[in-house]
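Side-chain atoms are counted along with the backbone in the values below, which use heavy atoms only and exclude waters and symmetry mates. Keep in mind the model is a prediction, meaning the values are calculated, not measured.
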Amino acid sequence: MHSCDNGLCVNPHHLSIGTHRDNMLDKCRKGRDNRASLSPETVIAIRRARASGEKIKAIAARFGCSVFTAYTAATGQSFAWLSDSDLPGKSV
């Protein structure tokens, strides 16, 4: 993982060890994922809403995203690195 947020940097002092999941969380928290329209916290909220029975169309409307984005987030097809253990109240 690059602490300087420069993927081309090779300075060993700017690197730290982390899993792919750690790197993806770091990327989202720092706002470096231009492709992601949802934050990890929003994905967790979407998954909880779906698990409680809320319909995908309603979830999409509530979170201001497309039905496709809501569906892939709810089913784990996107943000697959974000595990269920990240849900508040769940243990690892």
Side-chain angles (χ1 to χ4, degrees):
M1 297 187 338
H2 290 89
S3 63
C4 64
D5 296 334
N6 179 355
L8 299 176
C9 176
V10 293
N11 184 335
H13 298 292
H14 294 178
L15 302 175
S16 62
I17 295 175
T19 64
H20 176 67
R21 181 180 168 281
D22 295 335
N23 197 39
M24 295 296 101
L25 282 168
D26 180 62
K27 185 167 130 176
C28 285
R29 284 185 185 126
K30 291 179 177 178
R32 289 186 283 120
D33 192 359
N34 296 331
R35 296 172 296 152
S37 60
L38 303 174
S39 69
E41 293 79 16
T42 301
V43 173
I44 289 169
I46 287 172
R47 289 181 184 171
R48 290 185 71 111
R50 183 66 179 145
S52 71
E54 192 171 341
K55 302 290 185 191
I56 292 293
K57 278 187 174 183
I59 293 170
R62 181 155 60 105
F63 290 97
C65 62
S66 70
V67 171
F68 177 78
T69 298
Y71 177 79
T72 59
T75 61
Q77 292 177 34
S78 62
F79 290 85
W81 51 268
L82 188 60
S83 70
D84 289 343
S85 63
D86 295 314
L87 292 172
K90 295 244 179 167
S91 58
V92 176

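- In this structure, Gly18 and Asp22 approach most closely via the heavy-atom pair CA-OD2, 3.6 Å.
- The two atoms that bring Gly76 and Arg47 nearest to each other are CA-NH2, 3.5 Å, heavy atoms only.
- The hydrophobic cluster containing Phe68 does not contain Leu82, counting ILVMFWY residues as joined when their side-chain heavy atoms lie under 4.5 angstrom apart, directly or transitively.
- Contact of the Tyr71 side chain with the Gln77 side chain is registered, since non-hydrogen atoms from C-beta on lie closer than 4.5 Å.
- Shown here are the side chain to side chain contact (heavy atoms under 4.5 Å, CB included) partners of Ser16, two or more places apart in sequence or in another chain: Met1.
- Note on residues 52-61: pairs passing side chain to side chain donor-acceptor pair (under 3.5 Å), not counting sequence neighbours, are Glu54-Arg62.
- Closest heavy-atom contact between Ala73 and Val43: O-CG1, 4.1 Å.
- The main-chain N or O of His20 is never found under 3.5 Å from a side-chain atom of Asn23 such that the two would form a donor-acceptor pair.
- For Phe63, the side chain to side chain contact (heavy atoms under 4.5 Å, CB included) criterion is met by Thr42, Ala45, Ile46, Ile59, Cys65, not counting sequence neighbours.
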